[in-house]
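All ligand and atom numbering here is 1-based and tracks the order in the structure. We're numbering straight along the sequence, starting at 1. Worth knowing before you read on, the calculation uses all heavy atoms, side chains too, and leaves out hydrogens, waters and symmetry mates.
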Amino acid sequence: MKQNAAPHWQPRCHLTAERNWMNDPNGPVLRDGVYHLFFQSNPEEPFWGPPHWGHASSTDLVHWTRRPDALAPDGTGPDADGCWSGCVADVDGRAAIYYTGVVGYDEERVESVCRAWGSTDLLKWEKDDDNPLVAGPPPSLGSGYHRDPFLWHDGDKWQMLLAGGTPTGEKHGQILRYESDDAAAWTYRGVFFEGPREIDGLDLGEHWECPQLAFFGDRAVLILSCQDPLAERPLLRSVAFTGTITDGGFEGDFQGVLDFGDACYAPALTTGADGRVLLWGWAQERLPRDVQATASKAGALALPRELTYEDGTVATAPVSELAALRAGDARDLASELTFDHPALEIAGTLTEGREWGVASGDSSLTIRSGPVLSVRAVDEFGGARDFALPSRSGELRILIDGSLVELHTAEGSPLTTRVYWSEPELRVTASGARAWSLAEGVVED
Ligand code: FRU
């Protein structure tokens with residue numbers, strides 16, 4: 001029997017595309033008191049396709065207003081087959097999108113660096129006549145991966161990172177660096193950072209995507225998304241390295257994964273008004289193709305997280321503004337409670353050896369505290385999937401919004417996954433916790 005995507009799997013509080021497909025967050029930026037968030041979208045169908053840059057804005061990180069698409073592929077330009085990921089930079093007071101222009105497919109694909117200029121309110125974008133600014137990868141590299149520009153000004157020159165990979169031998173990720181005086185003419189300066197295919201038994205992919213840098217004093221956190229073209233979707237994982245930039249290269253230590261689940265990928269960073277480093281990730285679907293084909297929207301952005309780097313540790317936590325999502329009074333979970341829609345937050349301390357559970361028909365989420373936190377997600381598409389993450393305190397926040405599940409520990413290690421609940425009604429058992437329904441209407445439609 002053909003199955004349709006259920007309406008109760010759609011999130012209410014997470015940003016989705018207006019219709020159809022969304023992947024990476026792109027170029028989050030705070031400008032004149034407004035947060036602008038762009039994202040890869042395909043308005044044509046609920047699957048990846050020649051990407052546009054979708055756009056939404058917010059003044060409080062909770063309520064989002066949809067804006068017209070910032071960029072769309074141009075049939076005659078260097079982005080004829082897609083405006084892939086990139087960033088937003090302030091160039092001499094003007095907002096500029098630096099993005100990956102793509103022409104061609106697979107082995108024939110050319111990934112260039114293009115630019116578009118924004119109006120002062122960032123609602124209109126005009127592509128630069130000089131596109132592409134960088135026509136393709138340096139021939140000496142021999143690899144076609146050359147994408148997802150990330151820019152900053154180091155006080156002296158503009159710096160730009162692009163993601164790539166080695167073409168032969170042990171294939172692994174590489175980050176390339178370009179330099180410029182005017183953010184228009186770029187000179188290739190070599191490999192900024194590279195890592196082996198595997199660290200501590202963790203596969204870091206054949207090539208990397210979406211490099212992001214955050215500065216904490218003279219130290220930096222470098223975030224990379226690890227891709228293996230042959231891996232089943234969801235793609236591999238996003239990881240962090242911490243270190244310093246020395247002589248134009250990054251020297252760093254591996255910190256580990258940024259999310260312990262199987263849905264969050266390609267995070268993008270920006271700095272908020274108060275200096276906080278904010279992070280959004282793409283929350284992928286885990287639906288079979290024929291079911292996803294019937295979904296009105298596929299993909300969402302995980303709720304904004306604050307990224308910190310203290311005492312040598314990278315951690316993330318939901319931004320404090322998200323408390324505004326709690327609708328009505330807290331309900332005490334001393335005994336089992338039923339929610340008539342999967343839109344809720346559970347917060348409390350899970351004591352050692354105990355278990356919390358959320359269930360609906362054959363689908364469930366079970367969390368057990370022990371030496372590590374064990375999480376089991378079960379639904380008809382993924383079967384049972386087990387995850388483990390560190391949590392000394394057992395202090396947890398769980399946000400369930402449609403099929404999207406985000407679990408946060410007090411120690412700053414999150415887990416994002418999808419549970420395609422059998423029915424809208426959820427039974428929650430979580431002694432020692434409280435729960436809230438989540439507000440509706442935080443994204444304007
Ligand atoms: C990451 C990614 C980027 C690319 C974009 C295309 O998910 O593969 O490297 O620019 O998606 O949509």
Side-chain angles (χ1 to χ4, degrees), residues 16-17 20-28 37-55 69-73 78-88 97-106 109-116 132 134 136-137 143-151 160-165 171-176 204-212 222-239 258-259 262-269 279-286 298-302 416:
T16 59
N20 286 322
W21 173 264
M22 166 193 274
N23 57 294
D24 312 357
N26 289 147
L37 191 47
F38 303 88
F39 50 87
Q40 296 278 282
S41 79
N42 177 14
E44 301 303 324
E45 53 172 355
F47 296 104
W48 186 89
H52 294 221
W53 273 49
H55 182 190
D69 278 359
L71 300 175
D79 56 9
D81 295 313
C83 302
W84 288 24
S85 289
C87 65
V88 171
I97 287 178
Y98 284 76
Y99 65 101
T100 314
V102 169
V103 179
Y105 289 90
D106 303 323
R109 192 179 61 240
V110 177
E111 302 178 354
S112 66
V113 177
C114 293
R115 173 164 72 176
V134 182
S143 159
Y145 297 119
H146 183 254
R147 62 186 190 233
D148 309 336
F150 179 87
L151 267 73
M160 177 167 71
L161 302 181
L162 289 179
K171 290 193 180 172
H172 61 249
Q174 274 185 331
I175 300 297
L176 316 178
L204 300 190
E206 272 200 3
H207 67 97
W208 288 339
E209 307 184 305
C210 303
Q212 303 282 308
L222 176 64
I223 291 175
L224 307 163
S225 290
C226 308
Q227 162 72 287
D228 176 354
L230 299 178
E232 257 185 77
R233 299 251 155 176
L235 309 178
L236 289 178
R237 46 184 61 99
S238 301
V239 298
L258 270 179
D259 190 289
D262 58 0
C264 191
Y265 190 68
L269 303 179
L279 174 149
W280 282 265
W282 165 36
Q284 308 185 33
E285 302 286 348
R286 299 190 53 87
L301 297 189
T416 308

* Check: Asn26/Tyr99 side-chain N/O donor and acceptor closer than 3.5 Å ->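 No, because no side-chain N or O of Asn26 sits under 3.5 Å from a partner of the opposite role on Tyr99.
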* To do: Tell me yes or no: between the side chains of Asn20 and Glu44, is some donor less than 3.5 Å from an acceptor?
  =>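 No, no side-chain donor-acceptor contact under 3.5 Å.
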Under 4.5 Å between any side-chain heavy atoms of [X] and [Y], yes or no?
X      : Y      : answer
Leu162 : Glu111 : no
Pro229 : Glu206 : yes
Trp48  : Asn42  : no

* **Criterion side chain to side chain donor-acceptor pair (under 3.5 Å) against Glu209, the qualifying member of Trp84, Tyr265, Tyr145** =>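 Of all the options given, the one that passes is Tyr265.
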* For the side chain of Trp21 and the backbone of Ala17, is there at least one donor-acceptor N/O pair under 3.5 Å apart? ->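 Not a single qualifying donor-acceptor pair exists.
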Out of all atoms in ligand 1, which are within 4.0 Å of some heavy atom of [X]? Include the element for each.
X      : result
Asp148 : 3 (C), 4 (C), 9 (O), 10 (O)
Trp48  : 6 (C), 12 (O)
Arg147 : 3 (C), 4 (C), 8 (O), 9 (O)

* What part of Pro51, side chain, backbone, both or neither, has a heavy atom within less than 4.0 angstrom of ligand 1? ->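 Pro51 to ligand 1: side-chain contact only, backbone stays beyond 4.0 Å.
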* To do: Specify side chain, backbone, both or neither for Thr100, according to which of its non-hydrogen atoms lie closer than 4.0 Å to ligand 1.
  =>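 Neither; nothing of Thr100 gets under 4.0 Å from ligand 1.
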Please indicate whether any nitrogen or oxygen in [X] is less than 3.5 Å from any nitrogen or oxygen in ligand 1.
X      : answer
Glu209 : yes
Ser85  : yes
Trp282 : no

* Among Asp24, Asn23, Asn26, which one has a heavy atom closest to atom 7 (O) of ligand 1? ->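 Residue with the shortest heavy-atom distance to the ligand atom: Asp24.
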